[in-house]
Amino acid sequence: MVQLVGSLRKELADSLSTCKVLVVGAGGIGCELLKNLVLTGFKNIEVIDLDTIDVSNLNRQFLFQKKHVGKSKAQVAKESALQFCPTANITAYHDSIMNPDYNVEFFRKFMLVMNALDNRAARNHVNRMCLAADIPLIESGTAGYLGQVTVIKKGLTECYECQPKPTQKTFPGCTIRNTPSEPIHCIVWAKYLFNQLFGEEDADQEVSPDTADPEAAWKPEEAAARATASEKDGDIKRVSTKDWARSTGYDPVKLFNKTHLTQTSLFKDDIMYLLTMDKLWKKRKAPTPLDWQQLENREESPGSGLKDQQVLGVWGYCQLFQHSVETLRTQLQEKGDGAELVWDKDDPPAMDFVTAAANLRMHIFSMNMKSRFDVKSMAGNIIPAIATTNAVIAGLIVLEGLKILSGEVESCRTIFLNKCPNLRKKLLVPCVLDPPSANCYVCASKPEVTVKLNVHKTMVLSLQDRILKERFGMVAPDVQIEDGKGTILISSEEGETEANNSKFLADFGIRNGSRLQVDDFLQDYTLLVNVLHTEELERDVEFEVVGEAPDKAPPPQSNQEDVNSITNGNKDSAQPSTSSKGQHVEKESCFLSFVSVVAFPLILKLREYNLRIKIYLMAL
Amino acid sequence: MTEIDEGFYSRQLYVLGHEAMHRMGAADVLIAGMRGLGVEIAKNVILSGVKSVTVQDEGHTGWTDLSTQFFLNESHLGQNRATCSLPQLSSLNSHVHVSAHPGPLDKDLLLKFQVVVLTDSSLDDQKRFADTKDSVGNQLFCDFGKDFMVLDQDGEMPASAMIQTIFKDNPGVVICTDDQKHGFSDGSKVSFSGVQGMTELNTRGPWEIKVRSYIGDISGFSEYERGGVVTEVKQPCTISFKPLSEALLDQELLIFNDFGKMERHKTLHLTFQALHTL
Ligand SMILES: [Zn+2]
């Protein structure tokens with residue numbers, strides 16, 4: 001088989017055919033990357049992906065076709081890539097990379113690991129595994145026209161977690177439950193409602209009015225009037241939203257409008273109750289309750305244009321609510337007793353339900369309603385994606401990989417792919433890699449953090465789930481208190497410390513200044529947590545990491561050249577553009593074919609002429 | 001106007017928007033040269049969803065093609081590159097009509113397309129065709145013609161604001177919800193949507209505005225009730241591209257650089273020209 005005669009040095013070409021590499025993710029970037037790897041001459045490739053193929057993948061993940069929908073991405077990607085190079089040796093895993101089977105030993109098998117992931121939890125994890133195994137990692141991400149590639153090498157460069165990433169924005173419970181002011185508040189509420197009705201009930205996802213809203217702050221004597229107004233005993237909190245829904249037989253009209261005095265309802269009674277919290281509406285426009293019977297069969301002009309882009313009228317959303325509740329009820333019944341549904345943006349009835357419920361609430365709170373397309377982008381955290389960006393990024397990953405395998409890690413760069421050429425007329429902007437941050441809570445020699453929390457209100461379970469797993473990215477933490485006795489607070493062995501879960505930290509003598517040693521055996525990672533006790537956390541905030549502003553915004557795009565760090569390209573933080581109105585037109589469509597020109601083959605073609613050049617953008 | 005397959009194009013729609021997708025859905029594209037570079041471009045253009053793609057190549061598959069042309073394999077050796085690539089290219093996207101043209105490139109063929117991409121042509125051919133019509137050349141040279149209309153100059157979301165109230169007057173006055181910088185300026189054009197009551201606004205326009213926003217005579221309209229959004233209407237502008245033969249002589253093409261390696265891109269530029277003499 002002829003391979004790139006003349007374009008790669010012989011030693012490099014030989015090492016490609018013997019070295020083993022790992023590709024984590026077989027999605028948009030992963031498909032392009034697998035193609036590039038086999039064409040470049042990599043012979044031993046392992047690829048892992050948890051996902052199965054969805055229709056919405058097919059317009060960029062070109063190794064997949066319609067007939068593959070529902071099958072394992074890793075497996076199909078392997079089979080398709082083998083057609084390009086039947087002599088390659090590809091192993092596919094349909095699994096999560098966070099599964100303990102893929103331990104440090106597993107990672108040590110590889111010369112190089114390449115991430116083609118779409119979420120931060122997995123990126124954090126692979127980052128730690130590669131640090132633990134001391135294997136070079138190429139990290140990448142795309143969102144729309146934007147992309148980024150960077151190289152992580154223990155002790156030499158920043159790791160993925162050296163720079164704090166903006167945390168996902170959350171909204172205070174009372175905004176969601178009482179005083180939504182933006183469409184996103186209503187969409188979040190509608191997703192909570194879905195889980196409350198059909199999915200796993202979560203105490204943090206309450207949808208009924210929040211009587212404890214500090215802003216409402218009634219005097220006690222007003223409480224009686226409020227109770228009368230709502231024809232109830234003053235406690236709006238349902239025992240369980242699901243039990244209530246079940247008692248109505250998931251009757252859409254009953255969920256919408258109450259039919260019995262002791263019941264409540266989503267779009268009428270709950271809103272009337274909110275109206276009684278009159279302090280809330282002194283400076284805000286008060287909501288308007290809806291009544292099913294009054295709306296029924298209201299004439300509405302049909303929308304025009306694409307189905308997904310239409311904004312229906314109120315009665316249109318009432319009907320959509322009705323139909324989706326009926327469909328979901330049937331789905332739930334078919335799954336049998338105790339079954340739960342999981343919300344999925346690509347599941348039509350689930351998406352219809354959220355579109356309808358969110359829009360009804362938007363109308364109630366005097367907001368302009370949104371099309372299904374717009375609601376989907378916000379509810380589903382959709383990462384906008386096109387084939388060309390992925391192709392460019394995958395090409396760059398291979399080029400960085402070749403540098404690493406040639407022993408030239410120092411010449412590796414972080415490369416940003418921008419939407420528009422910068423002042424130097426460049427679309428691709430390389431930046432020198434920064435050295436590791438001495439304060440990094442992952443790659444420093446003795447990682448340490450300080451966490452501000454209330455030891456009387458923080459339970460052991462939330463220390464484990466919210467702080468250690470969610471915030472610090474651990475998979476199975478063990479926690480020991482540095483109290484001289486080595487008290488074990490949390491053990492990753494099943495059955496050992498479950499009894500501690502619902503106790504508070506203070507119950508174990510943890511107080512201001514206490515130190516916790518946290519180990520994650522799988523990640524070969526030890527973190528020292530200093531506890532800073534405080535009574536003064538904001539409402540709905542469980543803890544704060546000291547030295548880190550909450551909801552820190554990412555640096556603006558235009559400063560990329562000055563920011564030689566991994567600040568964008570982490571897909572999960574990229575804001576999807578809801579650009580249904582953004583008329584990106586002709587320039588862009590030509591631009592598409594134009595950008596793809598920068599992609600991989602050109603680079604190799606240039607190398608064939610022994611030009612040691614990287615990538616230049618020559619026009620616009 | 002054909003329907004866009006929203007399931008298939010879901011993630012791309014969030015990047016391009018429906019308007020651009022419709023325009024792309026009307027474009028016929030010719031990609032000349034089906035080696036590694038051509039097939040990569042063809043793949044991406046087909047996935048993105050134009051109306052049709054024609055791949056042209058007179059040449060036959062050789063051993064050296066196999067390392068970059070991923071849709072060719074040993075069984076294709078000695079056969080036409082365009083024809084052999086066709087089945088796999090077609091299967092990428094059932095919404096795009098893909099065809100192969102194993103014959104030569106000529107002016108008549110070129111004139112059938114809105115976009116022509118040359119990937120494997122001699123410089124003479126490139127200059128010749130570049131003068132013929134709007135085309136995209138293989139050195140990332142972009143020539144969209146003398147009057148290329150860019151409908152959206154920055155690709156940013158148009159400015160928009162929620163309406164608080166509208167005074168029925170001549171000129172009409174629109175008050176936007178406070179706490180928001182609306183981002184409009186004098187001379188901006190805007191359209192209205194979702195306005196209740198004064199629904200005439202939703203269907204007419206665009207309106208040129210002055211900030212402190214008078215929108216023209218609306219005293220005959222219905223009373224404003226509530227709701228509505230005012231959105232900037234982007235104004236097209238025209239960009240003139242130089243033909244390739246002119247641009248080759250142009251120093252400006254030599255300004256892109258890589259961290260001060262001033263000579264390098266000049267060398268590169270000459271190298272590209274030199275490559276064509278090989
Ligand atoms: Zn680090």
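The sequence lines fix the lettering, A, B, ..., with proteins before strands; numbering per chain opens at 1. Side-chain atoms are counted along with the backbone in the values below, which use heavy atoms only and exclude waters and symmetry mates.
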Highest number of heavy-atom pairs under 4.5 Å with chain B among K66(A), K376(A), M369(A) belongs to K376(A)
One should read off an interatomic distance between L72(B) CG and F84(A) CZ, to the nearest 0.5 angstrom, of 11.0 Å
Honestly, the part of K345(A) sitting under 4.5 Å from a heavy atom of chain B is side chain
| query | Hey, are R35(B) and E40(B) close enough for a salt bridge, meaning a charged N less than 4.0 Å from a carboxylate O? | reply | no
When the 4.5 angstrom heavy-atom criterion is applied to D346(A) and chain B, the contacting part is side chain
Q. Could K43(B) and F62(A) be counted as a cation-pi pair, given that NZ or CZ must be under 6.0 Å from the ring centre and within 45° of the axis?
A. yes
Those residues at least two apart in sequence (or on a different chain) that pass side-chain hydrogen bond (donor to acceptor under 3.5 Å, both in side chains) with R60(A) are none
